[in-house]
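Below you'll find the structure, written out as structure tokens, and then a few comments.
Bear in mind that the values here come from a model prediction, so they are computed numbers and not experimental data.
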Amino acid sequence: MTPAGSEAAPHADLRLAVAAIFKNEGPYILEWIAFHRTVGVDRFFIADNASDDGSTEFLAALDRAGLVTHIPFPGTSGRAPQLPAYAEILRRHGQEADWIAFVDADEFLLPAAPEVSIRPLLAALAPRPEIGAVAVNWALYGSSGEEMAREGLVVERFTARAARDTLFNHHYKSILRPAAFAGMHETPHLFRLRRGYVTVHADGSPAEPYDGLHHGLSRAIPWAPVRLNHYVVKSREEFFERKRPRGRATQNAQRDAAFFATHDRNEERDPMPNWLVEATRAEKRRLLERLRGSGWSGAEPALRRV
């Protein structure tokens with residue numbers, strides 16, 4: 001497996017980015033970047049929403065090493081920061097990529113076997129000029145019975161997910177073609193597209209809405225050729241000690257115990273392919289070496305606060 005950052009990346013002329021807003025995601029940042037580089041992403045635009053867990057300093061170091069574009073984004077008073085952050089990323093950097101996937105720090109774009117990269121599927125859709133966005137459906141993962149935070153990659157620690165047909169998995173996130181962008185939607189799951197553009201699933205089929213009431217949900221749940229693994233709760237400790245206190249980027253509210261109970265879905269065991277776990281681990285080591293080579297002498301933000 002060759003990470004996307006190398007010269008041997010497939011479809012090397014395709015500029016593929018991931019954009020996100022982070023707040024206190026320090027212990028998970030490097031894995032998230034390493035994973036997505038492994039599956040074909042070559043650019044990262046990260047809005048930093050006033051983190052205080054070491055993330056700001058770590059993202060700045062990654063920026064200096066040429067690995068991400070770090071965008072300090074404290075937000076606008078009285079407004080949830082996610083949608084304004086996405087708009088700012090598109091304003092500043094929309095011309096720097098052919099496709100930008102807008103996902104969260106707990107979401108991982110997973111190509112379906114036998115594919116090892118998401119680049120070929122986007123290259124296959126590129127000749128269809130009417131495609132403005134690609135909808136990628138969730139595969140919601142629970143805690144896998146993990147009570148406490150522990151060492152190891154997120155993508156190897158949590159191995160059980162909700163049944164495919166659960167309502168949660170009708171949700172999707174978008175890989176946007178910036179040339180089609182017309183404006184922000186009221187939800188971060190999709191975008192307003194210019195006239196003549198449409199949203200499709202990654203298999204090229206139309207992304208028909210689940211119903212007329214809920215935006216960002218599709219009727220079908222195609223998981224090939226790519227899906228979005230959503231590790232929304234992680235372990236009980238991580239949810240209540242890390243995720244819950246920092247609130248939500250889409251609204252000024254906190255997740256509660258009821259949220260954990262409804263999202264802790266573990267009906268089906270479906271671990272990450274071992275080759276991808278090991279490739280992510282190896283890429284993470286390479287990124288650390290590159291950081292140190294750029295003069296960074298720090299450490300990744302700790303999983304547990306001291």
Side-chain angles (χ1 to χ4, degrees), residues 1-20 22 25-46 58-59 61-63 65-70 96-125 134 136-139 141 151-159 161 173 175 202 223-231 234 270-294 296 300:
M1 172 63 201
T2 304
S6 75
E7 294 181 357
H11 307 285
D13 58 337
L14 187 150
R15 301 174 302 164
L16 174 58
V18 164
F22 286 1
E25 298 284 1
Y28 312 110
I29 291 172
L30 203 60
E31 174 190 349
W32 185 85
I33 294 169
F35 179 94
H36 283 106
R37 281 173 60 88
T38 300
V39 298
V41 177
D42 53 15
R43 289 166 173 81
F44 296 85
F45 306 124
I46 301 178
F58 191 54
L59 287 167
L62 288 164
D63 189 307
L67 293 167
V68 307
T69 298
H70 174 217
E96 299 174 26
D98 301 307
W99 299 92
I100 305 178
F102 286 83
V103 301
D104 294 338
D106 58 7
E107 296 174 334
F108 293 74
L109 290 159
L110 175 64
E115 295 294 333
V116 298
S117 171
I118 61 176
R119 298 174 74 83
L121 74 93
L122 291 171
L125 295 176
V134 179
V136 184
N137 286 81
W138 277 349
Y141 276 70
E151 294 300 317
L153 301 177
V154 169
V155 296
E156 73 175 329
R157 288 192 288 139
F158 304 106
T159 60
R161 60 165 171 78
K173 290 293 183 70
I175 306 177
W223 280 353
V226 63
R227 74 187 196 194
L228 191 63
N229 279 16
H230 189 196
Y231 301 94
K234 301 186 178 72
D270 188 4
M272 185 67 67
N274 186 65
W275 75 264
L276 188 45
V277 171
E278 294 306 319
T280 300
R281 204 187 320 276
E283 181 65 8
K284 186 177 176 184
R285 287 195 297 267
R286 283 190 285 268
L287 294 179
L288 283 169
E289 291 172 3
R290 185 163 164 180
L291 272 172
R292 295 189 180 104
S294 71
W296 177 73
E300 288 184 76

- Could you please spell out the steps behind the side chain to side chain contact (heavy atoms under 4.5 Å, CB included) verdict for V134 and W99? CA-CA 9 Å; V134 179; W99 299 92; 3.9 Å; yes
- Item | Residue pair V277, T280: steps toward the side chain to side chain contact (heavy atoms under 4.5 Å, CB included) verdict | CA-CA 5 Å; V277 171; T280 300; 5.9 Å; no
- Item | From CA spacing to verdict: side chain to side chain contact (heavy atoms under 4.5 Å, CB included), V155, F35 | CA-CA 9 Å; V155 296; F35 179 94; 4.2 Å; yes
- When you look at F58 and W296, which way does the side chain to side chain contact (heavy atoms under 4.5 Å, CB included) test go after all the steps? CA-CA 9 Å; F58 191 54; W296 177 73; 3.7 Å; yes
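When only modelled atom types and interatomic distance are considered, E25 and W32 share no side-chain donor-acceptor pair under 3.5 Å.
Looking at every heavy atom in both residues, A123 comes nearest to L14 through N-CD1, 3.7 Å. Summarising the geometry of A17 relative to D42, their closest heavy-atom pair is N-OD1, 4.5 Å, with the distance given to 0.1 Å. Residues G40 and L16 come closest through the heavy atom pair O-CD2, 3.5 Å. In terms of heavy atoms, L110 sits closest to P273 at CD1-CD, 4.5 Å. Taking every heavy atom of both residues into account, A279 and T38 meet most closely at CB-CG2, 3.7 Å. Here the closest heavy-atom approach between residue P111 and residue V39 is recorded as CD-CG1, 3.8 Å.
A distance of 12.5 Å separates CD1 in I100 from CZ in F44, rounded to the nearest 0.5 Å. Note that the CZ atom of R119 and the CG atom of D13 stand 8.0 Å from one another [nearest 0.5 Å]. Expressed to the nearest 0.5 Å, how far CE of M272 lies from OG1 of T159 amounts to 11.0 Å. Expressed to the nearest 0.5 Å, how far CG of L30 lies from CG of L153 amounts to 10.0 Å. Note: L59 CG to D63 CG = 8.5 Å, rounded to the nearest 0.5 Å. A distance of 8.5 Å separates CG in L228 from CG in D106, rounded to the nearest 0.5 Å.
Take E300 and apply the salt bridge (charged side-chain N to carboxylate O under 4.0 Å, His left out) test, not counting sequence neighbours, and it matches K284. Residues satisfying the salt bridge (charged side-chain N to carboxylate O under 4.0 Å, His left out) criterion with E156, sequence neighbours excluded, are R281. Taking D104 as the reference, K173 meet the salt bridge (charged side-chain N to carboxylate O under 4.0 Å, His left out) condition, with sequence neighbours excluded. Partners of E115 by salt bridge (charged side-chain N to carboxylate O under 4.0 Å, His left out), not counting sequence neighbours: none found. Take R43 and apply the side-chain hydrogen bond (donor to acceptor under 3.5 Å, both in side chains) test, not counting sequence neighbours, and it matches no residue. Listed by chain and number, the residues in a side-chain hydrogen bond (donor to acceptor under 3.5 Å, both in side chains) with D98 are R15 (sequence neighbours excluded).
A 4.5 Å side-chain heavy-atom check between K234 and Y28 finds at least one atom pair inside the cut-off. Counting heavy atoms from C-beta on, the side chains of N229 and R161 never come closer than 4.5 Å. You'll find the side chain of L291 reaches within 4.5 Å of the side chain of L62, heavy atoms only. Residues I175 and L122 meet the side-chain proximity criterion, which asks for heavy atoms closer than 4.5 Å.
For H36 and F108, the gap between ring centers is short of 6.0 Å. Ring pair F158/Y141: centre-to-centre distance not below 6.0 Å.
A salt bridge does not link E289 to R286: none of the charged side-chain nitrogens sits closer than 4.0 Å to a carboxylate oxygen.
In this structure a side-chain-to-backbone donor-acceptor pair under 3.5 Å is present from W223 to W138.
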